[in-house]
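Below, chains carry the letters A, B, ... as their sequence lines are ordered, and counting in each starts from 1.
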Number of protein chains: 2
Amino acid sequence: MEDVETDRRRAILDAALAIADEHGLAAVTMRAVAQRVGLTAMALYPRIGGKDGLLDGIVERLLAELAPALEDSGDPAQRLRGVARALRALARRHPAAFPLMLARPSVTPESLRQLDALYDTLLGFGIPARHVPRVERLLSTFALGYAASEVNGRFGRVDPRAGRGRLDPQTYPAHARLGAVLEDPADWDAEYEADLDDLEFLIRSRWTA
Amino acid sequence: MEDVETDRRRAILDAALAIADEHGLAAVTMRAVAQRVGLTAMALYPRIGGKDGLLDGIVERLLAELAPALEDSGDPAQRLRGVARALRALARRHPAAFPLMLARPSVTPESLRQLDALYDTLLGFGIPARHVPRVERLLSTFALGYAASEVNGRFGRVDPRAGRGRLDPQTYPAHARLGAVLEDPADWDAEYEADLDDLEFLIRSRWTA
DNA sequence: ACCTGAACACCGTTCAAGT
DNA sequence: ACCTGAACACCGTTCAAGT
């Protein structure tokens with residue numbers, strides 16, 4: 001049961017997120033967001049408190065989309081994997097806005113609730129309490145970093161990574177040694193799953209009986 | 001042996017980085033950078049190609065500071081650890097500019113050379129060639145993400161994390177179960193080293209004989 | 001070749017004024 | 001209580017002009 005104040009605020013933030021999705025983060029101006037909800041820029045201030053509040057609010061909306069993945073769902077390992085996949089899917093739905101999750105960390109009751117759900121999952125996995133906060137940061141750092149790297153093009157912009165296996169062997173000897181490996185088209189879906197396998201292996205072998 | 005063109009460009013980029021260090025990324029305007037090097041904003045365009053080129057150039061300067069850590073230095077494990085520590089130290093020296101490394105990936109000859117050095121280290125570690133690119137992305141994603149999270153305050157802004165062990169047990173049950181663990185002051189230096197230990201364990205047990 | 005000054009089309013934000 | 005319109009101090013960038 002949300003009051004009308006919250007509904008109006010949410011409509012503004014969703015408009016901002018939609019503009020980011022359609023035209024990029026630079027297009028998210030106070031004026032553009034206001035126009036999309038039928039107001040002037042100045043009318044936004046009492047509700048979202050300026051540009052900084054607007055960007056923090058976008059992060060809130062992204063977290064809200066992540067919430068279903070953090071519901072109870074039996075096996076802790078499957079739950080962890082579900083959250084990791086949901087985070088990457090979120091980044092692909094909102095590539096322009098997603099990096100805000102790393103840049104503007106949220107400390108709302110909702111974000112704390114999500115952190116609580118993650119702690120619960122890690123405890124359910126059998127990780128000793130004293131290691132849980134660190135393991136949570138290790139995993140969330142990797143998952144956030146991977147999704148952000150992907151949408152920011154850090155892993156290479158297109159599939160044929162422009163003959164990285166055929167660079168000058170004098171200046172790039174290790175690339176030359178890798179050769180054909182670098183010519184394979186990258187499959188980020190498969191790579192992410194392999195990384196999750198590795199991290200699950202790490203957790204099981206280090207922190208559970 | 002660098003020509004004068006490159007020197008001038010470097011002076012501009014170093015001025016931009018200095019402004020970011022002193023007054024934050026928002027203070028890095030074309031006009032402010034120009035003033036610091038004794039020019040008008042328009043004089044920067046032929047050398048750095050607009051605001052986007054300026055930000056990419058800042059990333060170049062950050063990478064240049066990282067270069068010494070990628071020199072040969074015997075044991076591959078120690079070299080990897082050295083690079084990981086140098087990356088985090090870089091983030092602490094340039095907290096405002098560092099997140100650009102994740103947001104604006106660089107694809108210069110220098111960045112390729114650094115990637116090559118990393119590939120070489122992983123091959124020297126005994127990792128099979130077909131796994132090297134993925135392992136490099138796994139490690140660099142974690143290291144970049146950790147350093148960025150730290151400077152962006154994602155791990156909590158100050159040391160006493162405001163009684164996170166004493167939240168309402170009804171809404172945050174896992175926090176309540178962790179209790180005293182969350183009251184410990186966080187030591188990010190020690191945590192980072194522990195994470196590196198874990199990742200080294202992962203590499204050794206999965207990909208080397 | 002290199003730089004400047006004026007100008008343009010924006011920005012976030014303040015504030016007095018309207019209803 | 002909620003919103004507007006005008007204004008302010010910026011921004012990145014273009015372009016004709018100077019030397």
Side-chain angles (χ1 to χ4, degrees), chain A residues 1-62 96-97 99-100 103-104 106 152, chain B residues 1-62 96-97 99-100 103-104 106 152:
Chain A
M1 209 63 70
E2 310 274 338
D3 55 279
V4 68
E5 164 67 31
T6 310
D7 279 349
R8 290 280 240 157
R9 184 178 129 86
R10 181 172 339 194
I12 293 168
L13 299 177
D14 285 340
L17 183 54
I19 292 171
D21 292 343
E22 292 165 22
H23 303 108
L25 212 52
V28 180
T29 66
M30 297 293 287
R31 283 167 171 91
V33 173
Q35 188 181 29
R36 195 165 179 124
V37 295
L39 291 172
T40 62
M42 311 77 202
L44 303 182
Y45 279 75
R47 299 191 192 281
I48 50 93
K51 186 70 182 283
D52 271 11
L54 183 67
L55 296 178
D56 286 338
I58 291 176
V59 174
E60 279 180 48
R61 299 306 296 145
L62 293 176
L100 292 174
R104 311 181 69 89
S106 174
N152 286 335
Chain B
M1 207 64 70
E2 309 275 338
D3 56 279
V4 68
E5 165 68 28
T6 310
D7 279 350
R8 289 280 242 158
R9 184 178 128 86
R10 183 173 335 196
I12 292 167
L13 299 177
D14 285 340
L17 183 53
I19 292 171
D21 291 344
E22 292 166 21
H23 304 109
L25 211 52
V28 180
T29 66
M30 298 293 286
R31 284 167 170 92
V33 173
Q35 188 182 28
R36 196 168 179 123
V37 295
L39 292 170
T40 62
M42 311 80 202
L44 304 182
Y45 280 75
R47 299 191 191 279
I48 50 93
K51 186 70 183 283
D52 271 12
L54 183 67
L55 297 178
D56 286 338
I58 291 176
V59 174
E60 279 179 48
R61 298 307 295 144
L62 293 176
L100 292 174
R104 310 182 71 90
S106 174
N152 286 334

Take atom CD1 of I12(B) and atom P of dC2(C), then tell me their distance rounded to the nearest Å.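 Rounded to the whole Å, the gap is 12 Å.
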
Q: Take atom CG of L39(B) and atom C1' of dA1(C), then tell me their distance rounded to the nearest Å.
A: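 Rounding to the nearest Å, CG of L39(B) and C1' of dA1(C) are 14 Å apart.
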
message: Apply side chain to side chain contact (heavy atoms under 4.5 Å, CB included) to residues I12(A) and L54(A) and explain how you reach the verdict.
response: CA-CA 9 Å; I12(A) 293 168; L54(A) 183 67; 4.2 Å; yes

Tell me the closest heavy-atom pair linking [X] and [Y], and the distance in Å.
X	Y	value
L17(B)	A97(B)	CD1-CB, 3.7 Å
A96(B)	G24(B)	CB-CA, 4.0 Å
P99(B)	N152(B)	CG-OD1, 3.6 Å

task: State which residues pass side-chain contact (heavy atoms from CB on, under 4.5 Å) with L100(B); sequence neighbours excluded, sorted by chain then number.
output: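 For L100(B) the side-chain contact (heavy atoms from CB on, under 4.5 Å) partners, ignoring immediate neighbours, are L25(B), L55(B), I58(B), V59(B), R104(B).
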
For DNA chain C, the dot-bracket notation using Watson-Crick and G-U wobble pairs below 3.5 Å, [ ] for pseudoknot-type crossings and | for other-strand pairs, is ||.|||||...|||||.||

Notebook entry, point to check: Do the side-chain N or O atoms of R8(A) get closer than 4.0 angstrom to the phosphate oxygens (OP1, OP2) of dC3(D)?
Noted result: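 Yes, R8(A) has a side-chain N/O under 4.0 Å of OP1/OP2 on dC3(D).
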
So does R47(B) get a side-chain nitrogen or oxygen closer than 4.0 Å to the phosphate oxygens (OP1/OP2) of dC3(C)?
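Indeed, a polar side-chain atom of R47(B) lies that close.
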
Point-to-point distance, once rounded to the nearest 0.5 Å, from CZ of R61(B) to CZ of R10(B):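 Answer for the CZ-CZ pair, R61(B) versus R10(B), is 5.0 Å.
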
Taking salt bridge (charged side-chain N to carboxylate O under 4.0 Å, His left out) as the definition, give me every residue that meets it alongside R31(A), ordered by chain and number, with sequence neighbours left out.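 Salt bridge (charged side-chain N to carboxylate O under 4.0 Å, His left out) list for R31(A), sorted by chain: empty.
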
When the side chains of residues 32-40 of chain A are checked against the rest of the protein, which donor-acceptor pairs come out under 3.5 Å, sequence neighbours left out?
unit_1: R36(A); atom_1: NH1; unit_2: E22(A); atom_2: OE1; d: 3.2
unit_1: R36(A); atom_1: NH2; unit_2: E22(A); atom_2: OE2; d: 2.9

Which pairs, protein N/O on one side and nucleotides 11-15 of chain D N/O on the other, fall under 3.5 Å?
unit_1: dG12(D); atom_1: OP1; unit_2: M30(B); atom_2: N; d: 3.3
unit_1: dG12(D); atom_1: OP1; unit_2: K51(B); atom_2: NZ; d: 3.1
unit_1: dG12(D); atom_1: OP2; unit_2: M30(B); atom_2: N; d: 3.0
unit_1: dG12(D); atom_1: N7; unit_2: R31(B); atom_2: NH1; d: 2.6
unit_1: dG12(D); atom_1: O6; unit_2: R31(B); atom_2: NH2; d: 3.1
unit_1: dT13(D); atom_1: OP2; unit_2: Y45(B); atom_2: OH; d: 3.0
unit_1: dT13(D); atom_1: OP2; unit_2: K51(B); atom_2: N; d: 2.8
unit_1: dT13(D); atom_1: O5'; unit_2: Y45(B); atom_2: OH; d: 3.3

